[in-house]
Amino acid sequence: MGRVIMVASGKGGTGKSMVSANLGALFAMVGQRVVIVDMDMGLRNVDLYLGLEEKVLYDAHDVMMGISTISQALVQDERIPNLWFLGASVSREDGSLTPLHAEILCEKLKSRFDLVILDAPAGTGDGLVIASAGAEMAVMVSTPEYASLRDVGALDKILAEMGILKRGLLLNRVVPDLMKDGIVPSLQEIAGTIDSPLLGVILEDRNILLSTNLGIPIVLKEDTYIFRNFLKIAARIINMLGPENESGNEESKNQKQGF
């Protein structure tokens, strides 16, 4: 059975969907069968970041409501043979979805894929509750600014109350000089205010902005520091997930998976 990772954020604008798209692409590149599910109904972006917006006919809402089958709604990324995508509805959720719908969807996807990556709506509202129903781990994305960190701190506590015990923080759009000059919180400050461990740091880089606008995950370019950085982040996520039903050496397991 596959594993389910939710990518969440305390507020919009942190780069959460960029992280979902690139983590999904990277895991697929190292041999995992991956599906990215956009759960942000009405405010979807992952399809754009993957360059698959023209191929989405049915979406996750259609599947959960029984309008289409999973096979009808899945879109395969032709650039990455192991990567599939399940889009979000173009309309905001009307209240018909429940956490049980999401949980059943995740169970079905787990039988087909090694990893299910859920791109959750930003914030801590009902959409997060629905998206988190099938998740066993949360990657929380924040920028290194006080407002974003306060919101991700609240998110961290809410996810803990929901029973998601495996949670990690991913800092995006980090400018080292601003940290050095004390203009934004340092890594030490952040570690002291957020209970969950730090999974990694993604530097501010215009190439990431270019890649999302072009619909090409930046990790597809393997000879870059960004690819190597995402590879380390992915390895930490796998370590945090841990074995499902087996014991063994996690380091050797990671090596086998390409990390």
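In this text the structure is predicted, and so the values were computed from the model without any measurement. Hydrogens, waters and symmetry mates are skipped; everything else that's a heavy atom, side chains included, is used.
- Considering Val139, Ile238, Val116 in turn, Val139 is the only one that fulfils the side-chain contact (heavy atoms from CB on, under 4.5 Å) rule with Ile5.
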Side chain to side chain contact (heavy atoms under 4.5 Å, CB included) evaluation trace for Glu189 with Met179: CA-CA 10 Å; Glu189 285 182 83; Met179 279 191 172; over 6 Å; no
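- Tracing side-chain contacts under 4.5 Å through hydrophobic residues (I, L, V, M, F, W, Y), one reaches Ile183 starting from Ile190; they form part of the same cluster.
- To the nearest 0.5 Å, atom CG of residue Leu109 and atom CE of residue Met1 are 10.0 Å apart.
- In terms of modelled atom types and a separation under 3.5 Å, the side chain of Ser9 and the main chain of Gly12 share no donor-acceptor contact.
- Leu198 and Val141 end up in the same hydrophobic cluster when Ile, Leu, Val, Met, Phe, Trp and Tyr side chains are linked at under 4.5 Å.
- Checking side-chain atoms of Arg3 against main-chain N and O of Gly242 turns up a donor-acceptor pair under 3.5 Å.
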Take Lys55 and Gln76 through the side chain to side chain contact (heavy atoms under 4.5 Å, CB included) test and state the conclusion after the steps. CA-CA 9 Å; Lys55 297 188 177 183; Gln76 185 169 13; over 6 Å; no
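- A donor-acceptor contact shorter than 3.5 Å is absent between the side chain of Arg173 and the backbone of Thr143.
- Distance check: Leu241 CG to Leu115 CG gives 7.0 Å after rounding to the nearest 0.5 Å.
- In terms of the salt bridge (Lys or Arg N to Asp or Glu O under 4.0 Å) criterion, residue partners of Asp77 (sequence neighbours excluded) are, by chain and number, Arg79.
- Between Asp205 and Ile226 there is a side-chain heavy-atom pair separated by less than 4.5 Å.
- At a threshold of 4.5 Å between non-hydrogen side-chain atoms, the residues Trp84 and Ile70 do not count as touching.
- With sequence neighbours excluded, no residue forms a salt bridge (Lys or Arg N to Asp or Glu O under 4.0 Å) with Asp40.
- Heavy atoms from other residues, nucleotides or ligands lying under 6.0 Å from CG of Asn207 number more than 12.
- Hydrophobic clustering keeps Leu57 apart from Phe85 (ILVMFWY residues linked when any side-chain heavy atoms are closer than 4.5 Å, directly or through intermediates).
- Proximity of Met41 to Ile130: side-chain heavy atoms (C-beta onward) are nowhere separated by under 4.5 Å.
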Go through Ile237 and Leu23 one step at a time and tell me if the side chain to side chain contact (heavy atoms under 4.5 Å, CB included) criterion holds. CA-CA 10 Å; Ile237 290 172; Leu23 280 179; 3.7 Å; yes
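- Annotation for Ala88 and Arg44: closest pair O-CD, 3.3 Å, computed over non-hydrogen atoms.
- At a threshold of 4.5 Å between non-hydrogen side-chain atoms, the residues Leu155 and Leu128 count as touching.
- In terms of modelled atom types and a separation under 3.5 Å, the side chain of Lys16 and the main chain of Ala120 share a donor-acceptor contact.
- Phe230 has its side chain out of reach of Met29: every pair of non-hydrogen atoms, C-beta onward, lies at least 4.5 Å apart.
- Residues Lys221 and Ser211 have side chains not in contact (no heavy-atom distance under 4.5 Å, counting atoms from C-beta outward).
- Asn82 is not listed as a side-chain neighbour of Gln32, based on a closest heavy-atom distance of 4.5 Å or more.
- Listed here is the closest heavy atom pair of Leu118 and Ala131: CD1-O, 3.2 Å.
- One finds the NE2 atom of His101 at 8.5 Å from the NE2 atom of His61 (value rounded to the nearest 0.5 Å).
- Closest of all the heavy-atom pairs between Arg112 and Arg33 is O-NE, 3.1 Å.
- Here the closest non-hydrogen pair linking Leu86 and Asp59 is CD1-C, 4.2 Å.
- Rounding to the nearest 0.5 Å places CD of Glu204 at 12.5 Å from CG of Asp177.
- Put simply, the side chain of Lys11 never gets that close to the backbone of Ser148: no donor and acceptor are under 3.5 Å apart.
- Across all their heavy atoms, Ile216 and Leu220 have their closest contact at CG2-CD1, 3.8 Å.
- Note: Glu103 CD to Ser132 OG = 10.0 Å, rounded to the nearest 0.5 Å.
- There is no path of hydrophobic side-chain contacts, each under 4.5 Å, that joins Val90 to Val63.
- Here the side chain of Asn22 pairs a donor or acceptor atom with the backbone of Met18 at under 3.5 angstrom.
- Heavy atoms only, all atoms of each residue included: Leu231 and Val30 are closest at CD1-CG1, 4.1 Å.
- Judged by distance alone, the side chain of Asp62 and the main-chain N or O of Ile67 form no donor-acceptor pair under 3.5 Å.
- Within the model, atoms CG of Leu149 and CG of Leu169 stand 7.5 Å from one another, a figure rounded to the nearest 0.5 Å.
- In this structure the side chain of Ile208 reaches within 4.5 angstrom of the side chain of Ile202, judged on heavy atoms.
- Between the side chains of Ser17 and Asn45, not a single donor N or O lies within less than 3.5 Å of an accepting N or O.
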Working for side chain to side chain contact (heavy atoms under 4.5 Å, CB included), residues Asp151 and Thr14: CA-CA 11 Å; Asp151 289 345; Thr14 64; over 6 Å; no
Give the intermediate values and the outcome of salt bridge (charged side-chain N to carboxylate O under 4.0 Å, His left out) for residues Lys110 and Glu136. CA-CA 12 Å; Lys110 284 163 62 177; Glu136 60 184 288; 5.1 Å; no
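- The side-chain contact (heavy atoms from CB on, under 4.5 Å) test with Met140 is passed by exactly one of Val152, Leu199, Leu170, Val7: Val152.
- Both Leu203 and Ile218 are part of a single hydrophobic cluster, where members link through side-chain heavy atoms under 4.5 Å apart.
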